[in-house]
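Letters A, B, ... mirror the listed sequences (proteins, then strands); counts begin at 1.
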Amino acid sequence: MIDIQLLRKDPAAVAKRLSTRGPGAFDVEQFQKFESARKNLQTAVEQAQASRNKIAKDIGQAKAQGKDVAELLAQGEKLKTLLEQSEQQLNALQAAFQDFLGRVPNIPHESVPVGEGAEQNREVRRWGEPRKFDFPVKDHVDIGEGLGGLDFATAAKIAGSRFYVMRGAVARLHRAIGQFMLDTHTREHGYTETYSPYMVTSACADGVSSFAKFKEDLFKIDGRDLYLIPTSEYSVTNYVREEIIPLEKLPMKYACHSPCFRSEAGSAGKDTRGMIRVHQFDKVEIVQIVHPEKSYAAHEELTSHAEAILKKLELPYRVMALSTGDMGFAAAKTYDLEVWLPGQNAYREISSCSNYEAFQARRMQARFRNEKGKPEHVHTLNGSGLAIGRTLIAILENYQQRDGSVVIPAALRSYMGGEERITK
RNA sequence: GGAGAGAUGGCAGAGUGGUCGAAUGCGGCAGACUCGAAAUCUGUUGUACCCAUCGGGUACCGGGGGUUCGAAUCCCUCUCUCUCCGCCA
């Protein structure tokens, strides 16, 4: 939710900034219609309520003095019918208004490159040199299947497309990657490890994004108001929902390893091969709840924490500042980390680090008590640190050898019983 | 799964139809006392919204609905928490 005060003060300016996200991000005229209708109705309702309260109070006093209250009672009854009608109108209007506001995306930060889509994303920096191969490179599917460690056919038999089965050393490597990431963030970056529900209510989903707009992307539990998390951001960020956090508790930093479930509705035909785009994958998410003045420093810091994993694994990557047209609904600013995949001869997203400013906090009603003792919305941030499945892909492809084996990155060897290589 | 109890402000806790946005205590803030602190005393202390210059008004006592001129208080329903019994990884 964007700041309603800001909207009221200068809707045109807000509309202008939102228009950089693409057409139809925000309808100013519709907003102003809602606003004036709301003002009129609300004023009328509140006046009627004031008279109702007055009459009720008068009846109480009159009764106490033993006076006749018939006249007042009649007045009250008349007002009641009237009030019920206008209250209903106001409620309906406010529900529609809320729905409208809930679908308005966040305002991009000034530093975000303006553009229509991914083509206008700006490369911020690049790290590592893609390896030169003196043999034909394979992609992770061929490498993984060659090792007997990746099996898409069996997964399809069990659950359909966009799933995978891992066996043996590859499954173990997958587990090692998650451990390594969680250990790095908790020991070196100051995050608290957390374990969290894999399902959330629609209210929580709406706290971090727009449930109305994006519910098709989530898997629903049949017959219940519960949804499988597409990222543990959905679960962990909501820790602070409806809370007033003491100033000294900020910043809060959590690292969470969880599976993520995505319906991938609307991405039919895209990345159909392998485990790039799947219904279920593991991810270590890092989340920060911070003081508003510190969120942009925290954003740089959090991004560097995700980068640290890639550096330790010696995987070449680049950092992209997403353009206004490519950014997610709730983000004010996003950096994507893209890892080099030799099998695709391209950089592919492996992490997305965003500052949401107070957008999610307003939706969740997450506040802290500021220096003046007044409740104020916190700023929330999160980033993948990293997507484990895609990290596995990157390792298989970047560390592949001519004979089909895969060298284990030095940073992971202690998690793999000291082994240096995965062979068939 | 069965039986019962409960949900009130930052916290604890009173309040069973009208003068209750809500006693009291703790905590917080300000002041007095003190060289300073503690103790003590005094005052103050919820959030959101609407109209307006001062100021006035509305809503909120777990969520939703109902009864009533009037609901924290009565009724229905949902959620959550606690206790006991049963079952169980």
Side-chain angles (χ1 to χ4, degrees), chain A residues 1-9 11 31-102 195-207 211 221 223-227 235 238-250 252 289 292 358-378:
Chain A
M1 195 85 79
I2 64 177
D3 186 358
I4 187 85
Q5 310 292 356
L6 201 67
L7 263 177
R8 287 187 181 134
K9 224 191 296 170
F31 170 77
Q32 273 159 340
K33 269 187 204 161
F34 270 125
E35 259 296 271
S36 61
R38 191 209 98 244
K39 270 189 192 175
N40 290 337
L41 253 179
Q42 185 169 341
T43 309
V45 166
E46 287 184 1
Q47 276 168 5
Q49 284 170 331
S51 344
R52 177 203 60 195
N53 292 347
K54 171 94 166 51
I55 292 168
K57 207 169 253 187
D58 289 348
I59 291 175
Q61 280 171 2
K63 270 193 171 172
Q65 294 165 16
K67 289 182 189 160
D68 178 41
V69 295
E71 171 63 19
L72 283 168
L73 267 152
Q75 271 183 44
E77 206 150 350
K78 211 169 115 193
L79 193 60
K80 186 185 176 176
T81 327
L82 222 85
L83 187 59
E84 266 167 11
Q85 286 172 3
S86 42
E87 270 180 338
Q88 264 172 27
Q89 281 176 39
L90 181 63
N91 285 343
L93 180 83
Q94 262 167 347
F97 198 12
Q98 277 311 108
D99 183 67
F100 169 84
L101 288 173
Y195 176 90
S196 205
Y198 297 160
M199 303 170 203
V200 295
T201 61
S202 56
C204 286
D206 201 57
F211 178 71
I221 304 300
R224 305 200 50 174
D225 180 36
L226 280 177
Y227 298 80
S235 196
N238 275 289
Y239 285 3
V240 295
R241 77 174 1 250
E242 289 156 42
E243 294 276 332
I244 298 174
I245 302 153
L247 182 63
E248 63 274 15
K249 287 256 179 77
L250 297 180
M252 296 167 81
I289 312 294
F359 190 82
Q360 295 182 326
R362 274 182 225 108
R363 291 175 160 260
M364 295 187 297
Q365 296 224 61
R367 295 172 294 178
F368 73 105
R369 213 167 273 286
N370 69 17
E371 292 78 355
K372 289 177 185 158
K374 288 286 163 201
E376 185 183 336
H377 290 110
V378 295

Can you tell me if [X] uses its side chain to pair, donor with acceptor, with the backbone of [Y] under 3.5 Å?
X	Y	value
A/R241	A/A203	yes
A/R363	A/D206	yes
A/S235	A/P197	yes

Give a yes/no answer on whether the side chain of [X] brings an N or O atom under 4.0 Å of OP1 or OP2 in [N].
X	N	answer
A/R52	B/rG18	no
A/K80	B/rU68	yes
A/K39	B/rC51	yes
A/R38	B/rC50	yes

Distance check needed: [N] [atom2] versus [X] [atom1], whole Å only.
X	N	atom1	atom2	result
A/D225	B/rU79	CG	C1'	11 Å
A/L73	B/rU68	CG	P	12 Å
A/L90	B/rC50	CG	C1'	11 Å
A/Q49	B/rU68	CD	P	18 Å
A/I55	B/rU68	CD1	C1'	14 Å
A/L82	B/rC69	CG	P	15 Å
A/R362	B/rU47	CZ	P	18 Å
A/I4	B/rA48	CD1	C1'	13 Å

Mate of [N] where both pairing distances stay under 3.5 Å, Watson-Crick or G-U:
N	value
B/rA30	B/rU42
B/rU68	none
B/rC35	none
B/rA59	B/rU47
B/rU53	none
B/rA22	none
B/rU73	none
B/rA3	B/rU83

Pairwise [atom1] distance, [M] and [N] [rounded to whole Å]:
N	M	atom1	answer
B/rG46	B/rA39	P	24 Å
B/rA14	B/rU68	P	32 Å
B/rA12	B/rA23	C1'	14 Å
B/rG10	B/rG28	P	16 Å
B/rG15	B/rU73	C1'	8 Å
B/rA38	B/rC26	P	16 Å
B/rA7	B/rU58	P	28 Å
B/rG2	B/rG17	P	34 Å

Can A/E87 and A/Q49 be counted as having a side-chain donor-acceptor contact under 3.5 angstrom?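 On atom types as modelled, these side chains qualify, holding a pair under 3.5 Å.
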
Which distance, rounded to the nearest 0.5 Å, do you find between the CG of A/N238 and the CE of A/M364?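 It comes to 5.5 Å.
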
How long is the gap from CD on A/Q75 to NZ on A/K54, to the nearest 0.5 Å?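 So the gap between those two atoms works out to 9.0 Å.
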
Describe the nucleic acid contact of [X] in one word from base, sugar-phosphate, nothing, applying a heavy-atom distance below 4.0 Å.
X	result
A/I59	base
A/K374	sugar-phosphate
A/P375	sugar-phosphate
A/K63	base
A/N53	sugar-phosphate
A/Q5	sugar-phosphate

Does a salt bridge link A/R8 with A/E35, judged by any charged N lying under 4.0 Å from a carboxylate O?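 Here A/R8 pairs with A/E35 in a salt bridge, since their nearest N and O are under 4.0 Å apart.
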
Quick one: on RNA chain B, does A/K57 or A/E46 contact a more 5' nucleotide (nearest heavy atom)?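 Upstream on the strand: A/K57.
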
With nearest nucleotides of RNA chain B determined for A/Q365 and A/G60 from heavy-atom distances, which residue corresponds to the more 5′ nucleotide?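 Per heavy-atom nearest nucleotide, the more 5' residue is A/G60.
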
Nearest heavy-atom pair of A/G102 and A/M1: which atoms, and what distance?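 Distance-wise, the nearest heavy atoms are N-SD, 4.1 Å.
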
Of the nucleotides B/rG57, B/rU47, B/rC49, which one has an atom closest to the side chain of A/R8?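 Output: B/rC49.
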
